[in-house]
Trainee: 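Let me give you the structure first, and then I'll get to my questions.
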Amino acid sequence: MMHLHRTFLVTALMVTAAWWFAPRSCLAAGVKIHTLCRVRGQEDIVLQGLGLVTGLKGTGDGASALPTIRALATAMELLGNPVASNLAVELRDAKNVALVMVTARVPSSGARRGDRIDCFVSAISAKSLSGGRLFLTPLTGPIPQPNPPVFAFAEGPVTLDSTDFPTTGRVFEGCRFIEDFLPPFASDGRITLVLHSNYASFQVAQDIADAINTQLAVQNGGRPLAKALDQVNIEVLIPPAYADDVVNFVAQVLSVEILEPDAGPMVVIRERSGTVVIGGDVEIGPVIVTHKNLVVEAGPQAFHPGFTPIDPRQPGNPKLKNLVEALNAVRVPAADIVEIVKAIDRQGKLFGRLVVE
């Protein structure tokens with residue numbers, strides 16, 4: 001019995017030691033590459049057009065806005081009521097009409113005929129779009145060109161997102177597609193994977209290419225399929241066996257697993273809300289922050305009289321989170337903290353990547 005107990009103890013110690021001394025890469029969790037990248041062609045596309053909002057309460061463009069008058073005259077002609085050559089006279093009281101820019105963002109998966117999505121309107125010179133209705137407006141592709149193809153029509157009542165901004169609004173499900181809008185995802189017998197900006201690096205791109213070649217090379221007779229083109233793009237050949245079944249192959253590619261890459265220290269700032277999100281142990285170099293009658297020093301020498309060190313006990317470079325905590329403790333406004341973090345980054349003292357949204 002004692003012998004069995006000792007054997008179990010030794011085995012447990014060996015397993016524990018193997019886990020403890022194993023490389024960290026071996027202990028990292030695996031992630032599927034669809035969480036790290038997208039397929040080129042599968043991105044949001046914006047449709048656009050020029051339209052008219054009618055039914056305003058005297059807050060439209062007025063007879064002095066000639067582009068609006070011309071657009072209104074064209075719409076009336078299409079409806080069988082042409083206007084005489086003297087537009088300014090016949091439409092001089094058209095104060096309830098506004099010329100607007102209309103946009104609709106098509107999701108990355110595209111859209112099919114009959115689908116509806118929200119569209120957004122922005123006045124060009126009107127004072128307010130409150131109470132208005134968007135007149136039937138054709139929406140074309142994102143690239144301006146003569147006689148562009150029309151993919152959808154927009155129409156409906158305009159809802160203001162905020163009364164503080166009465167010249168912009170949206171039409172809920174006001175964009176209706178009359179043609180399929182399907183972004184291509186394969187070209188010339190290959191697809192291209194595009195890394196998300198948070199993971200864009202030469203090492204991650206090469207790791208993904210290696211993982212695809214290791215796990216899917218059998219689909220191509222053992223020959224490599226993937227090649228990292230740069231720190232963002234990975235090109236993947238479509239094997240002949242999947243020439244007529246590309247969707248199946250793309251699904252297999254996106255399901256390939258690799259060890260979760262380290263995105264590195266990062267700080268994300270959302271300026272509108274004043275939110276600062278600090279990822280990992282983001283360090284900062286020695287800095288002195290002054291705010292009104294407050295002086296905060298961060299760094300190994302933060303022990304001078306008259307200064308408030310953010311954490312005199314921590315060795316080496318101070319952590320950004322400690323600085324933010326110190327500023328919060330003395331009730332520095334969120335907007336000021338955001339500006340302080342951005343200023344530290346401009347000084348080259350933020351040892352991490354700053355993303356401002």
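All values derive from a computational prediction rather than experimental measurement. Hydrogens, waters and symmetry mates are skipped; everything else that's a heavy atom, side chains included, is used.
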Trainee: How long is the gap from CD1 on I284 to CG on L350, to the nearest 0.5 Å?
Mentor: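 So the gap between those two atoms works out to 8.0 Å.
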Trainee: How is the hydrophobic cluster of L182 composed, in terms of its other members, when Ile, Leu, Val, Met, Phe, Trp and Tyr link through side-chain heavy atoms under 4.5 Å apart, directly or indirectly?
Mentor: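 Its cluster mates, by chain and number: none.
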Trainee: Atom CD of residue position Q347 - does it have more than 12 heavy atoms of other residues, nucleotides or ligands inside 6.0 Å?
Mentor: no
Trainee: Hydrophobic cluster mates of L136, side-chain heavy atoms under 4.5 angstrom, ILVMFWY only, any path?
Mentor: V150, F153, I178
Trainee: Is there a donor-acceptor pair under 3.5 Å between the side chain of R190 and the backbone N or O of L237?
Mentor: no
Trainee: Rounded to the nearest 0.5 Å, what separates atom CG in D244 from atom CG in N248?
Mentor: 12.0 Å
Trainee: If you measure from the Lys or Arg side-chain nitrogens to the Asp or Glu carboxylate oxygens, is any gap between D180 and R112 under 4.0 Å?
Mentor: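 Here D180 does not pair with R112 in a salt bridge, since their nearest N and O are not under 4.0 Å apart.
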Trainee: Find out whether F181 and I45 are in side-chain contact, i.e. whether some heavy atom of one side chain is under 4.5 Å from a heavy atom of the other.
Mentor: yes
Trainee: Strictly distance-based, threshold 3.5 Å: is any side-chain N or O of Q252 a donor or acceptor partner for the main-chain N or O of V250?
Mentor: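 Here the side-chain-to-backbone pair does not exist.
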Trainee: Are any of the side-chain heavy atoms of I344 and L323 separated by less than 4.5 Å?
Mentor: yes
Trainee: Applying a strict under-4.5 Å side-chain criterion to I, L, V, M, F, W and Y, I'd like to know whether V204 and L216 cluster together.
Mentor: yes
Trainee: I need the Q42 CD to L193 CG distance, nearest 0.5 Å.
Mentor: 11.5 Å
Trainee: Taking only residues two or more places apart in sequence, or in another chain, which ones meet E257 in a salt bridge (charged side-chain N to carboxylate O under 4.0 Å, His left out)?
Mentor: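 For E257 there are no salt bridge (charged side-chain N to carboxylate O under 4.0 Å, His left out) partners, ignoring immediate neighbours.
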Trainee: Would you say that L139 contacts Q48 through its side chain, given a criterion of any heavy-atom pair below 4.5 Å between the two side chains?
Mentor: no
Trainee: If you look only at distance, which donor and acceptor atoms sit under 3.5 Å apart when one is on a side chain in residues 223-233 and the other is two or more places apart or in another chain?
Mentor:
residue, atom, partner, partner atom, Å
D230, OD1, V232, N, 2.8
D230, OD1, N233, N, 2.7
D230, OD1, N233, ND2, 3.3
D230, OD2, N233, ND2, 3.3
N233, OD1, R40, NH2, 2.7

Trainee: Restricting to pairs with a member in residues 128-143, which pass side-chain hydrogen bond (donor to acceptor under 3.5 Å, both in side chains), not counting sequence neighbours?
Mentor: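 For residues 128-143, and leaving out neighbouring residues, the side-chain hydrogen bond (donor to acceptor under 3.5 Å, both in side chains) pairs sorted by first residue read R133-E155.
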Trainee: Could you state the interatomic distance from CG (N213) to CD (Q206), rounded to the nearest 0.5 Å?
Mentor: 8.5 Å
Trainee: Measuring only between side-chain heavy atoms, which start at C-beta, is I212 closer than 4.5 Å to V236?
Mentor: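 With C-beta onward as the side chain, the pair touches.
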Trainee: Is there a chain of hydrophobic side chains (I, L, V, M, F, W, Y, each step under 4.5 Å between heavy atoms) that links F165 to V121?
Mentor: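 Shared cluster, no.
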Trainee: Going by the side chain to side chain contact (heavy atoms under 4.5 Å, CB included) test, name the single residue among V324, V268, V341, I269 that passes it with I278.
Mentor: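 The passing option is V324.
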Trainee: Apart from F351 itself, which Ile, Leu, Val, Met, Phe, Trp or Tyr residues share its cluster (side-chain heavy atoms under 4.5 Å, direct or through members)?
Mentor: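 Reading the cluster by chain and number, F351 sits alone, since nothing else belongs.
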Trainee: Any sub-3.5 Å donor-acceptor pair from N96's side-chain atoms to T54's backbone N or O?
Mentor: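 Judged by distance alone, no pair lies under 3.5 Å.
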Trainee: In terms of side-chain geometry, is the basic nitrogen of D115 or R176 positioned less than 4.0 Å from the acidic oxygen of its partner?
Mentor: no
Trainee: In terms of hydrophobic clustering (I, L, V, M, F, W, Y; side-chain heavy atoms under 4.5 Å; direct or indirect links), are I117 and V100 co-clustered?
Mentor: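 I117 and V100: one cluster.
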Trainee: Main chain of V332, side chain of D336: is a donor-acceptor contact present, judged purely on distance under 3.5 Å?
Mentor: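 Between the backbone of V332 and the side chain of D336 there is no qualifying donor-acceptor contact (under 3.5 Å).
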Trainee: In terms of relative ring orientation, are Y242 and F249 parallel, tilted or perpendicular, with 30° and 60° separating the classes?
Mentor: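 Aromatic pair Y242/F249 classed tilted.
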Trainee: Determine whether V276 and V267 make a side-chain contact, defined as any pair of heavy atoms from C-beta on separated by less than 4.5 Å.
Mentor: yes
Trainee: Under a 4.0 Å N-O cut-off, is there an ion pair linking R113 with E179?
Mentor: no
Trainee: Considering only heavy atoms from C-beta outward, does the side chain of L36 approach that of I258 to under 4.5 Å?
Mentor: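 A side-chain contact exists here, since the closest heavy-atom pair is under 4.5 Å.
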